[in-house]
Amino acid sequence: MSENTDIKLVEAPDGISGAGFFATSFEKVIGLARKHSLWPLPFATSCCGIEYMATMGSNYDISRFGSERPSFSPRQADILMVMGTIAKKMGPVVKQVYEQMAEPRWVIAVGACASSGGIFDTYSVLQGIDRVVPVDVYVPGCPPRPEQILDGLMRVQELAENESLRRRNSPEYQALLASYNIK
Amino acid sequence: MTENLFYFLSSLTLLCALMVVISKNPVHSVLFLIITFFTISGHYILLNAQFLAAVNIIVYAGAIMVLFLFVIMFLNLGKGSDKGIKTSMLSKITGTVAGGLLFVVMIAALKDAEVAGYNPESYNSQIGMVENLGKVLFTEYLLPFELASVLFLVAMVGAVMLGKKETGEQHF
Amino acid sequence: MEPLSNRSKKVQKREMTFAEKAYLPAIAQGLGITLKHFFKKKATVQYPEQTRERSEIWRGLHVLKRDENGAERCTACGLCAVACPAEAITMTAGERKAGEENLYREEKYAVTYEVNMLRCIFCGLCEEACPKAAIFLQDDKVAPARFERDEFIYGKDRLVEPLKTTETK
Amino acid sequence: MESVDLLYKAIYIIAIFGITLLIATYSTYFERKIAAFIQDRVGPNRAGPLGLLQPLADAGKLFFKEDFIPSKSSKALFILGPGIAMLVATMSSAVVPFGDNLIIGGHEINLIAIDVNIGVLYVFGVVSLGVYGLMVGGWASNNKFSLLGAIRAASQNISYELAMGLSLIAILMLSGTLSLREIAEQQQGFNWNIWYQPLGFLIFLVCAFAETNRTPFDLPESEAELIGGYHTEYGSMKLGMYLFAEYINIFVASAVMATLYFGAYNFPFMLELEAWLVNATEDAVTANNIVTLIGVAVMFAKIFLFIFFFMWVRWTLPRFRYDQLMKLGWQILIPLAILNILLTGGGILLKDYLF
Amino acid sequence: MATENKKVELTDLEQFRLDNGLALTEEPQLTTLNLGPTHPATHGIFQNILQMDGEKIVDAVPTIGYIHRAFEKIAERRPFYQITPLTDRMNYCSSPINNMGYHMTVEKLLGITVPKRAQYIRVIMMELARISDHLICNSILGVDSGAFTGFLYVMQEREHIYDIYEEVCGARLTTNMGRIGGMERDLSPKALHLIDEFLKRFPKVWAEFEKMLTRNRIFIDRTTDVGAISAERALSYGFTGPNLRAAGVDYDVRVMNPYSSYEDFEFEIPVGSKGDTYDRFLVRNEEVWQSLKIIEQAYKNLPEGSYHADAPHYYLPPKQEVYRNMEALIYHFKIVMGEIDAPVGEVYHSVEGGNGELGFYLISDGGRTPYRLHFRRPCFIYYQAYTEMIKGGQLADAILTLSSLNVIAGELDA
Amino acid sequence: MELTNENVLGKIISKFGEENIWDAFNPDGIMTITTNRESIHELIKYLRDDEELQISFLTTMCGIHFPGQGDKEMCMMYQLHSLRHNYRIRIKVFMPASDPVMPTMTDLYATANWMEREAFDFYGFIFTGHPNLTRILNIEEMEYHPMLKQYPLEDQTREDKINTYFGR
């Protein structure tokens, strides 16, 4: 469901296809830029949101990663950080926010509730946001320590750094989105 | 060069002025009007009247048109802006007649007008500069200048009176 | 309304003085405080390189303990699964066969033991419920973030303490 | 004008443009660093050494982010908005004198891009246009939060322009010119306008904060109320341009304040230093150039101090409410500015009368 | 532009129009503004559909339930001791108060008396939780009014409180602290040391935070007369806690119905006069000082003794006993399986939560789980007054009112 | 007057009669009485407005479901508090599941509004006269009242759980 960077498809050698050496190193540069400028959209609904505040706080300081500018407008955000329980009433909202985000976009499910429903296996709680949006990184914990949230962020940085500029146009990605009925 | 610039500016001015009238969307109209003011300021600069150019921009483009835009933005809120305004046949006819008459009057007025020439020897290129302008305003045209300021005062008082809402309403 | 108890105390709320009305003193004071912090030592712990100290009883990642001989302590009694409010623990029990005494301490042992780390809320009730001191929440490890949901089902391969380090920490 | 002069001028203009952009770019970095330091944090430090590549990373990311235009918005205006904001912001640094004359190969070069004799009015006019960028963008987004932000921006800018203009008039009365270069020249040495116009400066400072939409006047984009205000719907580089424009505006405002009130490139004992240098090097040209270069450095130091002040205040104060903002502008600052004019006029008369 | 900000006196006609969903007058067009569920200032998720006349709020329709998690239903399916982690997640800003409140409720049902030492430890923990709750609320009020920095200053102190929690129970936020019948472990020397340090350092930080905002005119202007509610309306709306005290009623559960030895401590109840946002801010500020005072007293007079009640039927035996002693092993199994033979009955117990009277209404039918557990959640009760409080104010006021009410979505929706 | 359980009960019974107030007991220091839905509104109004009692604070109210108890299947609990005298009282009203209709308290206490909506949402109580009796916490489309004992707690779509492991 999410993109596994460990598995690399065999690519045509450089210079044969359109993307030559220049293009790939250019991609690397953009990957680096993206890596260091991931603006989060803190979709904080409950307890994990407080831990996110701690992550923003002086002791952990998410800004070291270039991610301290929280963009509450989905248009400007790069990562959707879903923190806290997502009830079934809220599910469509998450999806809508995801749809409003501009590519490239990543999703982190922070904490047990967002990832799987956690302790709340109840009629009203969505059992994991991967039922409505594709999730790239899961962070376990209830709530995770700020270190773990930063770990999750670094995981996304890995993804952002190694991602091809064309991945978002690839048929696999389109199929993934289609499976979530997004656009 | 200056001449070419003049023609360019003039055509732009006319075009934009026309667009002000033609545009369906009032916001576009206002924006074209702003460009018109800019081009007029350009003319002022060509005439070496920098002060006038700057004041024109500050007062008209910078303040008055902002207010226009402000009001129009409010108006556009509820309804779709591009629906167009339905005009009755009668008003179309009267509009045409009135416009035609104005056109005739203008032609008549301009027919005998003479382009004022200037004497290259006695022409003072600094005439549009601030100092000269100030001097002229405060000596030769002092009375009209002061009268104009009274007019402004009256207008201001009127605006305050109009802007003051009845008691009980929220002011902001 | 008259007071209900004799302990009430009105919060101090005085009129603004002229100086306060002029905004500037309070602004200057605020600026002074922030400037003081500007030159203060920074509180940040640079996480991946440095880690913040954690308490010894921090409830981190689970581990299945071995006893001093290296045999697994768990006897698959199922108390942890019952105590888990998130229902994250599943296990199947098996009988110990002859010759496996060095592997499992008791006659019954957990053939499979899975903790769903995404469900787990790290409340520590399993540790408390375990009568054999087999399951333990470590203070020096936390469950890491991962890309796939399946990777969070921790089986015995990842839960059981490696053989070499038998002493606790 | 000779072609060499023209060449130098062109180089200078390009340099100023470049410096403006560079400073704006790095303002984002410094904003983040200063915010972090004020808040006991360390701030971005992982992109490049000390995080110095952070602005480039942001720019790179913004450039390659999906360009998005809301379906119901007015497309042309949506693009025009950030364009205007950026254009207007970059225009205004043209009349700021960053230094005195440099003499290179016998050519005297004014370190000012265009020396118009209405410099103050030019800045004023250009700044007053900046609001169109926000208004057009906010309106075109077809989002109520954006619209509210745009409306707030418009009314705030109009209101504070008045007080700003009035506070400037006192300066103009003192200096008797509209040219920024002449105003700068008049503040020779330590004879800065701030000593004569403390109240005027205060008013101007507050208005500058309001005009650049910085805290405590950042209502148009106040995060807590309006999410992003006028730029809520903007992503990718269009957002970048808005942010950029804001920082350029700060830079220009700082430059103008330094010029008008803090003696621009002048520093104490400037003449003495030049005289000493002429004695020491026995070369008036070199001496002049050295002093000019020091002057440029002093000017930038002043600008940076102001930029720092902008950021310092940003991370300290709460913001006003809309009606309080208007009240401050109309009922306090404008009367104060008028009072300031009267006082200045009285002072000038008194001086003429006594001496 | 005149700039008065008065509450609007509506004429009858206007009221009629308002009641019937009509525009107030013919002229101003009302705009609908959707505040939430993911608005940055809602800190948690609830929605308000505002009817705006320019910047003025004419009407608001709140929608809640965006993180309804069915606590009460879960509680009917879990043994008593497994409900503690649930209570953590209600008011997650001050979980220990919830934990202890719940434990005291069950203890009341089971008839256990907790030794003094455990009660004092509980008091320390609860007051720490209150401090952490109030400091989040007040600093967030600063953030929403634009002053972000103070928030990060006090967040550092919150980290220190977390450190203490961590030393006491092993978690930072969702503490799961204490057990039915006492604490799960005694205060370690390190915990005592941390509390001592906290008592020394915190007053300076808090005084500094107060200095940044309390007498700043921008802040005073922003908060005075904003979101005011009279004592009568507040009582009718069921307000308790700081929000009621800001309106001038000195109702505090700690004083009226002391629990956990609160009668031993000297402290005052700060009250406001107008019930506006500034009052709420000041009351919370003052309560932090009072809490500090309580912690100081409890820490100084911490009695010796056991940290848990001597109730082998309900309190887990120590691990060492379980390995050796058959009886202890049986109790251990019974308690973990939830077969503690709770008596039939119903109890109501309330504690002064971070936000007000946090009540637990527990009905037991003698089974292994509660038959019904109803939480009296103060946030749920406050929030319905929100509409009334923001009507006639401005958008910016609404935001500040919301953050000063300290509505926590987890508690609101349960 | 010092409020004690006895004199409060006496006052109430003398006002409303034995036939409307019954089952008074004291499980946890808070007197619990049972009344019927005809007198509940009057009773709460009386408690609020009586000069002596001043029981004028609605602490909480909640529904309870006792399946299989005939016409006492649904219960509504009101808990009131006199801040002046620091006296709490609990009132219960029972009714059959087929007809969970009660008068609303919104005209007496503003706070009753959402509490009643919650009770409606959870149990399906109908409060006659309530200004806006709609679901409050759950989605509008929900077809049942989830807190009734017969409905399951768990999310029915969850796949990663094997129930046999948990013995529930």
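Below, read A as the first sequence line, B as the second, and so on, with proteins coming before strands; counting in each chain starts at 1. On a predicted model such as this, the values are computed, not experimentally measured, just so you know. What you see below is based on every heavy atom in this structure, not just the backbone, and it leaves out hydrogens, waters and symmetry mates.
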Item to check | Heavy-atom contacts under 4.5 Å, residues 29-40 of chain D to chain E | outcome: Ile38(D), Gln39(D), Asp40(D)
Next on the checklist: More than 12 heavy atoms of other residues, nucleotides or ligands under 6.0 Å from NZ of Lys211(E): yes or no?
Outcome noted: no
Checklist entry - For Phe219(E), is it the side chain, the backbone, both or neither that has a heavy atom under 4.5 Å from a heavy atom of chain D? => result both
Item to check | Check: Thr149(E) side chain, Trp315(D) main-chain N or O, donor-acceptor pair, under 3.5 Å | outcome: yes
Checklist entry - Are Leu400(E) and Arg321(D) side-chain neighbours, meaning at least one heavy-atom pair lies under 4.5 Å? => result no
Checklist entry - Which residues in residues 236-245 of chain D have any heavy atom lying under 4.5 Å from a heavy atom of chain E? => result none
Checklist outcome for this item: Of all heavy-atom pairs linking Ala147(E) and Thr316(D), the shortest is CB-O, 3.8 Å
Next on the checklist: Quick check: do Gln394(E) and Tyr322(D) have side-chain heavy atoms less than 4.5 Å from each other?
Outcome noted: yes
Checklist entry - Just wondering, are more than 12 heavy atoms of other shown residues or ligands nearer than 6.0 Å to CG in Leu50(D)? => result no
Item to check | Ile218(E)/Arg319(D) under side-chain contact (heavy atoms from CB on, under 4.5 Å): CA gap, chis, key distance, verdict | outcome: CA-CA 7 Å; Ile218(E) 303 177; Arg319(D) 72 173 71 87; over 6 Å; no
Checklist entry - Within residues 155-162 of chain E, which positions have a heavy-atom distance to chain D below 4.5 Å? => result Gln156(E)
Next on the checklist: Any non-hydrogen side-chain atom of Leu317(D) less than 4.5 Å from a side-chain atom of Asn216(E)?
Outcome noted: yes
Checklist entry - Looking at residues at least two apart in the chain, or sitting in another chain, which of them share a salt bridge (charged side-chain N to carboxylate O under 4.0 Å, His left out) with Lys200(E)? => result Asp196(E)
